[in-house]
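Fair warning: this is a prediction, and the values are worked out from it, not measured in the lab. Quick note: numbers below take in every heavy atom, side chains included, and nothing from hydrogens, waters or symmetry partners.
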2 protein chains.
Amino acid sequence: MVTTTRAAKMAETRAKLIAAGRKAFAEKGYSGASMDDLTADVGLTRGALYHNFGDKKGLMAAVVDEIDTVMATRAHDAGQKAGGGWKGLLAEGAAYIEMALQPEVQRIVLLDGPAVLGDPSQWPSQNRCLQATIATLQDLAAEKAIKPVDIEAIARLLNGVALNAALWVAASETPEATLPKVVAAFECLASGVLITPESRI
Amino acid sequence: MVTTTRAAKMAETRAKLIAAGRKAFAEKGYSGASMDDLTADVGLTRGALYHNFGDKKGLMAAVVDEIDTVMATRAHDAGQKAGGGWKGLLAEGAAYIEMALQPEVQRIVLLDGPAVLGDPSQWPSQNRCLQATIATLQDLAAEKAIKPVDIEAIARLLNGVALNAALWVAASETPEATLPKVVAAFECLASGVLITPESRI
DNA sequence: CTAATGACATACGAAGCGTACGTCAATGGC
DNA sequence: GCCATTGACGTACGCTTCGTATGTCATTAG
């Protein structure tokens, strides 16, 4: 017997709404997405939405958090797989850039997200990603591998570069051709924090 | 006698609407700004607006273009005043960052602009700013002062860094304290394109 | 078995955008 | 100097959307 508890049912409702939100926000943009339509798509009404998320912005926050969390962990994994340190930092940035090729990511996280929810550096998920970058930079600082600059500032700007690079690639006519160029440029700028010029790519 | 030609009158109407748009978009955000209200503020109705700008987005485009054009020329001037070349590039970025401290710039150009009008690198005004950066980089490339990377990619990312740096400063609790840190970080990253490590700040 | 809580649906009001139409002044031809 | 036409702008209407207030039904507690 499958005991369907109410908590599980509500979680399922939330999941359905978030999935519908992802789809609608990605396809029509935030303001273009109709709450009536996206709830009806999963057999619900706005009643469920306002009960679970408070308002339209609440659903957007949940959607952004879900996507952004996946992005942060995946970028972090890429950095670990590259062995951490300087190589890991570059891998992290490259992974971040590649993920932003997805239209869903571009539209929801990069374009509408900041406009609706405010500065991305204030998002919980972005903070997680930022903390990872900061940690990597602190390791490099301990090895005296980077210049004595403000770690948080560098981390924020590096994330910003990756984000912006992703935007450009996504808007490009030929994303596949642009990607390697922008990754190289990213690594070039990032190398600015290194003390030893030999460490450049 | 003051001959008020119709072209001049229409230009005045456009100017009034753009001014009202700047104010409304800055204070309430794009979606929060009511066309009824902002037109009434300057003694007009939505009729004038739809006649001159087509739709709400059209007014937004005009407002963004006006602000962004001023930003581009001012940044360019700062670069020229610094003597062009490497110093000019840094001055350009710093000027861009400082301008973004204005709430109007932050809200309209940095947050709502991309969401409403799409990727900033496609805007005419942004292209002007980008061309200036590209020109400066090409000068440096001719002097063999920078690494052999894709100029356009570097230019776009540098602009992106400045933009992102500005966003952070604007969202910061203490903008005045954050500003020097991000400017230093910006110059640090920018120095990544230089060949000679001595040229760093 | 009954009362209460919670999850969701339904109904309602208000606001906003875009468009179709109306109006009045200005211009161009004769 | 008169009239038709154009253009700039105002007015009125419909449609969509959001948020809330209220209703309903199942589940749980006592």
Q: Can a side chain N or O of His51(B) be found less than 4.0 Å away from OP1 or OP2 on dA8(D)?
A: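 Answer yes for this pair, as a side-chain N or O of His51(B) is under 4.0 Å from OP1 or OP2.
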Q: Does any part of the side chain of Gln126(A), heavy atoms only, come nearer than 4.5 Å to the side chain of Leu130(A), both counted from C-beta?
A: no
Q: Is the shortest side-chain N/O distance from Asn52(A) to OP1 or OP2 of dA7(C) below 4.0 Å?
A: no
Q: Return a single string for nucleotides 13-25 of chain C, one symbol per nucleotide in 5' to 3' order, where B is base contact, S is sugar-phosphate-only contact and - is none, cutoff 4.0 angstrom on heavy atoms.
A: ---SBBB------
Q: Only counting residues at least two apart or in another chain, list the ones meeting salt bridge (Lys or Arg N to Asp or Glu O under 4.0 Å) with Lys181(A).
A: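 In terms of salt bridge (Lys or Arg N to Asp or Glu O under 4.0 Å), with neighbours along the sequence ignored, Lys181(A) is linked to Asp150(B).
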Q: Taking only residues two or more places apart in sequence, or in another chain, which ones meet Glu152(A) in a salt bridge (Lys or Arg N to Asp or Glu O under 4.0 Å)?
A: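 With sequence neighbours excluded, Glu152(A) shows a salt bridge (Lys or Arg N to Asp or Glu O under 4.0 Å) to Arg156(A), given in chain and number order.
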Q: Could you give the CZ-to-P distance, from Phe53(A) to dT20(D), as a whole number of Å?
A: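 Value for this atom pair: 16 Å.
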Q: Which pairs count as side-chain hydrogen bond (donor to acceptor under 3.5 Å, both in side chains) when at least one residue sits in residues 41-64 of chain A, sequence neighbours excluded?
A: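 Qualifying pairs: Asp36(A)-Arg46(A).
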Q: May I have the distance from Glu12(B) (atom CD) to dA8(D) (atom P), rounded to whole angstrom?
A: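 After rounding, the reported distance stands at 15 Å.
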Q: Using atom CZ of Arg14(B) as one end and atom P of dG7(D) as the other, report the distance to the nearest whole Å.
A: 16 Å
Q: According to salt bridge (Lys or Arg N to Asp or Glu O under 4.0 Å), who are the partners of Arg128(B), at least two apart in sequence or on a separate chain?
A: Asp65(B)
Q: OP1 or OP2 of dC9(D) versus the side-chain N and O atoms of Thr13(B): is any pair under 4.0 Å?
A: yes
Q: Tell me every residue that passes side-chain hydrogen bond (donor to acceptor under 3.5 Å, both in side chains) with Glu104(A), counting only those two or more places apart in sequence or in another chain.
A: Arg22(A)
